[in-house]
Every structure is written in structure tokens, then in C-alpha cells.
K.L.:
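Below are the C-alpha cells for one structure; questions will follow.
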Amino acid sequence: HVGNIRSALFSWAYARANGGQFLLRIEDTDRNRLVETSTGAIMESLRWLGIDWDEGPEVGGPHAPYFQSQRLPLYQKAAATLIDEGRAYRCFCSTERLDQMRAAQAANKQPPGYDGLCRRLTPEEAIARARTEPFTVRFAMLKDGQTELNDIVRGRVVFENKLQDDFVMVKSDGYPTYHLGVVVDDTEMEITHAIRGDEWISSAPKHIQLYEALGWEPPVWAHLPLILGPDHKKLSKRSGDTALLDYKASGYLPEAMINFLSFLGWSLDDHTAILGVDELKEHFDLQRVVANPAVFDIDRLNFLNGHYIREMAPDRWIETIAYWCEAGLPDTVKRPISREVVEQVAPLLKERVAKLSDIAPMVEFLFGYDVPDYPLETLVERVGDTATAVRVLDAALTHLDAVSEEGWQVERIEASIRGLEEPLEMKLRKFVSVLYVAEMGRAQGIPLFDSLALLGRERALQRLRTARLRLG
RNA sequence: GGCGCGUUCGUCUAGAGGCCCAGGACGCCGCCCUUUCAAGGCGGAGAUCGGGGGUUCGAAUCCCCCACGCGCUACCA
């Protein structure tokens with residue numbers, strides 16, 4: 001999803017800009033939420049954007065394995081050490097008791113948190129009960145003093161220890177929670193920079209205390225500003241935090257996506273708005289990450305996408321159109337899609353497409369043999385009344401009918417239609433909409449003269465006749 | 001409720017005491033170009049820098065208070 005990918009992007013860009021390594025680790029410790037395809041989707045998303053990892057799934061490396069579910073012994077070892085040293089303890093409280101406790105705290109307006117019941121158990125008692133009862137392992141947070149976070153983005157943040165909660169670090173199924181997982185793996189994997197979303201900042205003291213208790217060196221912290229939806233709430237599935245591959249599916253280019261994501265909380269300088277990956281890899285700087293949340297602005301994404309489409313090399317553009325036609329045109333259109341037509345519309349389409357999914361509807365009229373389907377009013381709309389539309393169609397029919405099959409070319413067609421201005425006593429721009437609708441089914445799209453040429457004499461004339469007939 | 005973070009044009013942002021009666025980009029509006037729609041060119045509106053107090057010769061930039069917004073408050077990450 002967008003938020004996570006942005007964190008990955010910043011980490012990656014930072015590594016690339018500073019000659020570091022970028023490692024991909026899959027945190028799959030919640031077996032209730034395990035989705036088979038998600039690992040594949042994560043990797044595909046990153047690869048689509050061009051984010052490569054020096055170490056991780058599929059590429060391997062010295063810190064394998066890269067799935068947390070395969071590193072359980074590591075977490076258990078850390079947990080055992082902590083229990084031995086009295087910095088963690090087994091907790092036998094049931095979910096029911098925990099729920100009741102929280103309800104009571106809420107009712108009494110007490111700060112929420114584990115009440116420490118099992119912290120008071122003697123080690124002997126705990127070991128005895130552990131033989132028959134399920135348990136979690138909680139970390140015994142320091143309750144005095146303060147925990148200090150030094151963050152690149154936010155500076156110094158101080159948390160009161162007395163407000164800290166003894167969090168669960170090993171679940172009853174033996175899997176670690178995120179808190180234990182990151183600390184153990186970031187250390188084992190020699191992670192130097194923890195770059196993550198701001199929603200994590202409240203749990204930073206947990207991680208910091210864990211590092212201290214384990215005697216390990218914490219990484220450099222950088223908490224990125226949240227990405228907000230249009231409602232100014234943390235981006236949710238509803239408000240645009242869709243899987244990145246959904247953006248790919250609806251026709252966004254990776255270049256646009258990267259450019260867009262890069263500027264969500266970061267900027268290069270006071271004037272750069274268009275930035276390629278190469279420049280990002282060279283100039284990305286954590287010092288320039290801002291602290292305030294960013295609202296996801298789809299208009300800007302669309303603009304960037306259009307920009308990169310316009311910049312696309314002609315041959316890649318043709319391939320792209322061919323692909324989106326095959327995928328987006330209705331089944332009634334016979335396959336394969338004509339390569340010749342694709343090549344001819346390509347330049348006409350370039351300035352007009354914002355999302356690749358716009359392509360198919362824009363060129364559909366070229367491939368279906370049927371007359372386009374459109375509400376009759378659109379034919380008349382811009383010329384004012386039916387009588388005028390009829391005059392336009394009759395005149396166009398006469399003029400174009402005079403163009404021979406061999407002469408059916410853009411220049412001739414243009415001359416013929418421009419020749420309509422005089423007899424009709426109307427400006428071209430005024431009456432042309434009737435023709436657009438008759439041919440393409442709508443008044444906007446690729447240029448008319450080219451469309452007529454592409455359509456061929458027979459089909460073009462046929463559509464005019466049909467339009468004329470429909471007007472009575 | 002508690003804790004934390006944040007607050008510069010509608011949006012993304014520039015800004016680290018004088019260069020800022022605040023710059024760029026998207027969006028919006030207008031004009032030009034034009035076969036529609038776009039694209040492109042040119043121009044415009046748009047922020048009294050959340051509010052109030054300080055500090056200073058001088059504050060968007062430093063300090064304090066307030067307000068508002070958001071995040072966290074799980075055996076989810």
C-alpha cells in the first residue's frame with residue numbers, strides 16, 4: 001500500500017544516495033492476517049517502481065532468511081535472555097481479563113495499560129504455570145525516568161516511562177510481535193536506519209528500551225510524516241491507500257508514481273517538481289524530510305502521469321497503446337488489434353491521455369464496426385437545433401461523398417470539410433462537433449480529419465448517414 | 001481520557017532572524033493557439049505564515065501560552 005511503499009522508497013533512495021545497501025525483509029508474524037499473495041505483491045510493486053534490494057527474498061544474501069516466520073529461534077532466544085534477566089515475564093492473563101481491565105480503566109478515566117498482575121509472579125510460579133497454561137511474554141518496561149528518542153525528522157522526543165505499558169513481545173503462538181521482531185532483526189541484519197511512518201513514533205520507546213535491555217545499539221531513527229486522505233485522516237483503503245498494483249492496473253506509470261511519492265513529505269529544493277529516479281537516487285536526503293503530514297492529491301498524480309506519457313519514447317508509447325487496447329477494448333472487437341491503426345493513432349493520443357486506461361475508450365470507435373452509440377442530443381448540442389445539425393450532415397455527406405476512395409486522405413478530407421464553411425455559412429469550429437459525435441460518439445477525442453482517414457471512406461460515410469437518419 | 005506529533009495559498013511544498021508586504025508546482029480562472037478535446041504559450045486570483053503574548057533595531061523563522069487537527073493507546077503491523 002501507498003504508505004508502506006513510500007517508506008520503502010525513502011529508505012531505498014537514502015541507501016542509494018549514500019552508497020548504502022537496501023535490504024527487504026518480510027514481516028509475516030501475524031498468522032491471522034497472512035495472505036499468500038501479499039509477499040508477491042510487495043515484491044512486484046517494488047520492482048515495478050524500480051526499487052531493487054541488495055538483500056532479501058529471491059536475491060538472498062548474508063542475513064537470510066528474510067521472512068520473520070523463518071527466524072523464530074532468534075526471537076525466542078532474545079525473549080529467553082530477557083526473561084532470565086528479569087526484563088521480561090510470562091503473562092497468563094486471558095483476553096477476557098485484559099478486556100475487562102481495559103473497560104474498567106476507561107470507565108475510571110485511568111490511563112490504559114497492563115496492570116502488571118503477572119509481573120508480580122515469582123519465576124518459579126511462572127515456570128510451573130507455563131507447563132500447563134498458554135502464555136505470552138511481556139517486556140518489563142522501566143517505570144521510572146524518561147525514554148528519549150532522537151529522530152532525524154522530529155529531533156528529540158521525550159516519553160515519560162511511568163506511562164509506558166508492558167507490551168506483549170511474544171504471542172501465545174510463539175510468534176513475536178512487531179516490537180520484538182524489528183529490534184531483533186534490525187540488529188541481526190545490521191540495519192543502520194529505521195525509516196518508517198509516523199504512526200510508529202509512539203512505540204519508539206518500546207523499541208529503545210528493548211535495545212537497551214538487550215545491550216544493543218539502536219539504528220538511526222527517522223519517522224516520516226503520515227500520508228493523509230482527502231478527508232485529512234490517515235490514508236485508508238477507502239481514501240486511496242490502495243495496493244500499489246491497483247495504480248498500475250488503472251494506468252499509472254512507475255515514473256509518475258515514484259515522482260509523486262517522493263514529494264510526499266520531501267522536496268529537493270525550492271523549485272523542482274519533476275524529478276526522475278536517477279536524480280532521486282543521487283539527491284535524496286533525510287534532512288529534507290518535513291515533519292507535517294501530507295494530503296494525497298490525485299490531481300497531481302494525474303498531472304505527473306500525463307507528463308511522463310508525453311515524454312515517452314515513440315516506440316514504447318506504441319507498445320503501451322497496443323497493450324492497453326488488447327486489455328481494455330471490449331470482447332466484441334476482433335483480435336489481434338490492428339498494429340497499423342495503433343501506430344497511426346499513437347501520436348494523436350499522446351497529448352490526450354492522463355491515465356493509460358483512458359486509451360481504450362478513446363480509440364474504441366476505430367475498431368468496432370458498429371455505429372457508435374450516443375444520445376441523440378449530443379449531436380445537436382453545440383449547433384443549437386436539429387435543423388442545423390441536419391444541414392451540417394447533409395452538406396458533409398455531399399462533400400465527402402465527392403472524395404474518391406483513392407483520395408481518402410487526411411489532407412483531402414480536411415479540404416473537403418473546410419469547404420463546408422461557405423455553403424453552411426458557419427465556422428468550422430462551430431459545426432465540427434456534429435461530425436465528431438457522428439463518427440466517434442462524442443464531441444471530444446482525437447482529431448476529426450485523422451479519425452475519418454483512419455476509419456476509411458465506407459465506415460465514415462456510413463456513420464454520417466446513420467446520424468442523419470437518426471435525426472429524422 | 002492519556003501520551004505524542006503537527007499547524008506557510010484548496011493541495012504538495014520553499015523558507016533554518018533582515019534577500020519574504022512570502023517563491024515554485026498541481027488545481028482553479030482568463031487570454032492566445034486551435035478541427036473537438038487535450039497539450040502548449042502568456043497572464044491572474046489565491047497564504048495578514050492557526051491565534052495570543054514575548055525576545056529582538058528587525059520574526060514565517062527563537063521562547064511561552066492557547067486553539068485546532070491528526071496519530072497511538074491490541075497476543076495488527
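Labels below follow one simple rule: chain letters A, B, ... track the order of the sequence lines, proteins then strands, and each chain is numbered from 1.
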K.L.:
Determine the interatomic distance between C1' on B:G6 and the same-named atom on B:U13; round to the nearest Å.
P.N.:
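15 Å, rounded to whole Å.
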K.L.:
Compare all side-chain heavy atoms of A:Val2 with those of A:Leu235 and state whether any distance is below 4.5 angstrom.
P.N.:
yes
K.L.:
Give none if B:U48 has no partner; otherwise give the nucleotide forming a Watson-Crick or G-U wobble pair with it, both distances under 3.5 Å.
P.N.:
none
K.L.:
Write down the distance separating the C1' atoms in B:C63 and B:U55, rounded off to the nearest Å.
P.N.:
7 Å
K.L.:
Which atom names give the shortest non-hydrogen contact between A:Lys350 and A:Glu311, and what distance separates them?
P.N.:
NZ-C, 4.5 Å
K.L.:
Base, sugar-phosphate alone, or nothing: which one does A:Gly265 contact when heavy atoms must sit under 4.0 Å apart?
P.N.:
sugar-phosphate
K.L.:
Once you apply a heavy-atom cut-off of 4.0 Å, does A:Arg288 come out as touching a base, just sugar-phosphate, or nothing?
P.N.:
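Touches sugar-phosphate only.
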K.L.:
Taking the six-membered ring of A:Phe67 as reference, does the cationic atom of A:Arg25 (NZ for Lys, CZ for Arg) lie under 6.0 Å from its centre and within 45° of its axis?
P.N.:
no
K.L.:
I need the CG-P distance between A:Asn302 and B:U11, as an integer number of Å.
P.N.:
18 Å
K.L.:
With sugar-phosphate meaning primed atoms plus P, OP1 and OP2, does A:His223 contact a base, only sugar-phosphate, or nothing at under 4.0 Å between heavy atoms?
P.N.:
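Result for A:His223 = nothing.
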K.L.:
Which residues satisfy the ring-ring contact (aromatic ring centres under 6.0 Å, His included) test with A:Tyr14, sequence neighbours excluded?
P.N.:
A:His193
K.L.:
Measure from CZ on A:Arg300 to C1' on B:U13 and round the result to the nearest Å.
P.N.:
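The distance from CZ of A:Arg300 to C1' of B:U13 comes to 8 Å, rounded to the nearest Å.
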K.L.:
I'd like a list of close polar pairs between nucleotides 2-9 of chain B and the protein, N/O only, cut-off under 3.5 Å.
P.N.:
unit_1, atom_1, unit_2, atom_2, d
B:C5, O2', A:Arg154, NH1, 2.7

K.L.:
I need the CD1-C1' distance between A:Ile298 and B:G10, as an integer number of Å.
P.N.:
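Roughly 16 Å, once rounded to whole Å.
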K.L.:
How long is the gap from CG on A:Leu82 to NZ on A:Lys77, to the nearest 0.5 Å?
P.N.:
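These two atoms lie 12.5 Å from each other.
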K.L.:
Please state how far atom NZ in A:Lys234 lies from atom C1' in B:C76, giving the value in whole angstrom units.
P.N.:
10 Å
K.L.:
Suppose you measure atom C1' in B:U48 against the same atom in B:C21; what distance do you get, rounded to whole Å?
P.N.:
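After rounding to an integer number of Å, I get 9 Å for this pair.
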K.L.:
Return the value, rounded to whole Å, for the distance between atom NE2 of A:His271 and atom P of B:G15.
P.N.:
12 Å
K.L.:
Rounded to the Å, how far apart are A:His232 NE2 and B:G69 P?
P.N.:
13 Å
K.L.:
Please determine, for B:G18, whether a Watson-Crick or G-U wobble partner exists with both distances under 3.5 Å, and give it or none.
P.N.:
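Matched B:G18 with B:C57 under the 3.5 Å cut-off.
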K.L.:
With a 3.5 Å cut-off and heavy atoms only, can you find an N or O donor on one side and an acceptor on the other between the side chain of A:Thr177 and the base of B:C75?
P.N.:
no
K.L.:
At under 4.0 Å between heavy atoms, what does A:Val290 touch on the DNA or RNA strands: base, sugar-phosphate, or nothing?
P.N.:
sugar-phosphate
K.L.:
May I ask you to verify if any side-chain N or O of A:Lys233 is less than 4.0 angstrom from the OP1 or OP2 atom of B:C70?
P.N.:
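Affirmative; the distance criterion is met.
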K.L.:
Sort out the partner of B:C72 for me: Watson-Crick or G-U wobble, both distances under 3.5 Å, none otherwise.
P.N.:
B:G2
K.L.:
State whether A:Lys171 places a side-chain N or O below 4.0 Å from either non-bridging phosphate oxygen (OP1 or OP2) of B:C76.
P.N.:
yes
K.L.:
Taking the nucleotide of RNA chain B with the closest heavy atom to each, which residue, A:Pro225 or A:Asp299, is nearer the 5' end?
P.N.:
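The residue closer to the strand's 5' end, by nearest nucleotide, is A:Pro225.
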K.L.:
If I pick the C1' atom on B:U8 and the same atom on B:G4, what distance separates them, to the nearest angstrom?
P.N.:
23 Å
K.L.:
What orientation do A:His223 and A:Trp221 show, parallel under 30°, tilted 30 to 60°, or perpendicular over 60°?
P.N.:
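Parallel.
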K.L.:
By nearest atom, which of the nucleotides B:C75, B:C76, B:U11 is closest to the A:Leu98 side chain?
P.N.:
B:C75
K.L.:
Indicate for each nucleotide in nucleotides 29-39 of chain B, in 5' to 3' sequence, whether protein heavy atoms under 4.0 Å reach the base (B), only the sugar-phosphate (S), or nothing (-).
P.N.:
-----BBBBBS
K.L.:
Under 3.5 Å for both donor-acceptor distances, Watson-Crick or wobble: does B:G10 have a partner, and if so which one?
P.N.:
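Its partner is B:C26 (Watson-Crick or G-U wobble, both distances under 3.5 Å).
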K.L.:
What's the closest nucleotide to the A:Phe303 side chain, out of B:C75, B:G27, B:A77?
P.N.:
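Within the option list, the nearest is B:G27.
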K.L.:
Take a 6.0 Å sphere around CZ of A:Arg119 and say whether it holds more than 12 heavy atoms from other residues, nucleotides or ligands.
P.N.:
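Counting other residues, nucleotides and ligands, CZ of A:Arg119 exceeds 12 neighbours.
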K.L.:
Considering just the side-chain nitrogens and oxygens of A:Thr29, establish if one lies under 4.0 Å of OP1 or OP2 belonging to B:A77.
P.N.:
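Yes.
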K.L.:
Picking from A:Tyr252, A:Trp266, A:Phe296, what satisfies ring-ring contact (aromatic ring centres under 6.0 Å, His included) with A:Phe260?
P.N.:
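Between A:Phe260 and the candidates, ring-ring contact (aromatic ring centres under 6.0 Å, His included) is satisfied uniquely by A:Phe296.
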K.L.:
Please report, rounded to the nearest Å, how far the P atom of B:G24 is from the CH2 atom of A:Trp266.
P.N.:
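Taking CH2 of A:Trp266 and P of B:G24, I get 20 Å after rounding.
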K.L.:
Checking A:Arg352 side chain against A:Leu348 main chain: does a donor-acceptor pair fall under 3.5 Å?
P.N.:
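Yes: the side chain of A:Arg352 pairs with the backbone of A:Leu348.
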K.L.:
Please state the C1' separation for the pair B:C42 and B:U34 - nearest whole angstrom.
P.N.:
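Rounded to whole Å, the distance is 16 Å.
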K.L.:
Test of understanding: with ring-ring contact (aromatic ring centres under 6.0 Å, His included), list the residues that count as partners of A:Phe135, not counting sequence neighbours.
P.N.:
A:Phe92
K.L.:
Look at A:Arg196 and B:G71 and indicate whether a side-chain polar atom (N or O) is within less than 4.0 Å of OP1 or OP2.
P.N.:
no
K.L.:
Output all residues satisfying ring-ring contact (aromatic ring centres under 6.0 Å, His included) with A:His399, sequence neighbours left out; order by chain, then residue number.
P.N.:
none
K.L.:
Would the A:Tyr66 and A:Trp53 ring centres measure less than 6.0 Å apart?
P.N.:
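That pair fails the under 6.0 Å test.
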K.L.:
Rounding to an integer number of angstrom, what distance separates B:U61 and B:U56 when you compare their C1' atoms?
P.N.:
13 Å
K.L.:
Does B:U35 have a Watson-Crick or wobble partner in any strand here, with both distances under 3.5 angstrom, and which is it?
P.N.:
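Across any shown strand, B:U35 pairs with none.
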K.L.:
Residues in ring-ring contact (aromatic ring centres under 6.0 Å, His included) with A:Phe303, at least two apart?
P.N.:
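Counting only residues at least two positions away or on another chain, A:Phe303 forms no ring-ring contact (aromatic ring centres under 6.0 Å, His included).
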K.L.:
A:Leu301 or A:Tyr178: which one's nearest nucleotide on RNA chain B is closer to the 5' end?
P.N.:
A:Leu301
K.L.:
So what does A:Asp269 touch, heavy atoms closer than 4.0 Å: a base, only the sugar-phosphate, or nothing?
P.N.:
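Sugar-phosphate, backbone atoms only, no base.
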K.L.:
Round to a whole Å and report the spacing from CG of A:Leu228 to P of B:U13.
P.N.:
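Taking atom P of B:U13 as the reference, CG of A:Leu228 is at 10 Å.
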K.L.:
Please give the distance between the P atoms of B:C72 and B:C29 as a whole number of Å.
P.N.:
37 Å
K.L.:
Between B:C75, B:C76, B:C26, which nucleotide has the shortest distance from any of its atoms to the side chain of A:Arg102?
P.N.:
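Between B:C75, B:C76, B:C26, the one nearest the side chain of A:Arg102 would be B:C75.
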K.L.:
Could you tell me how far B:G27 sits from B:A22 if I compare only their P atoms? Round to whole Å.
P.N.:
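Those two atoms are separated by 24 Å.
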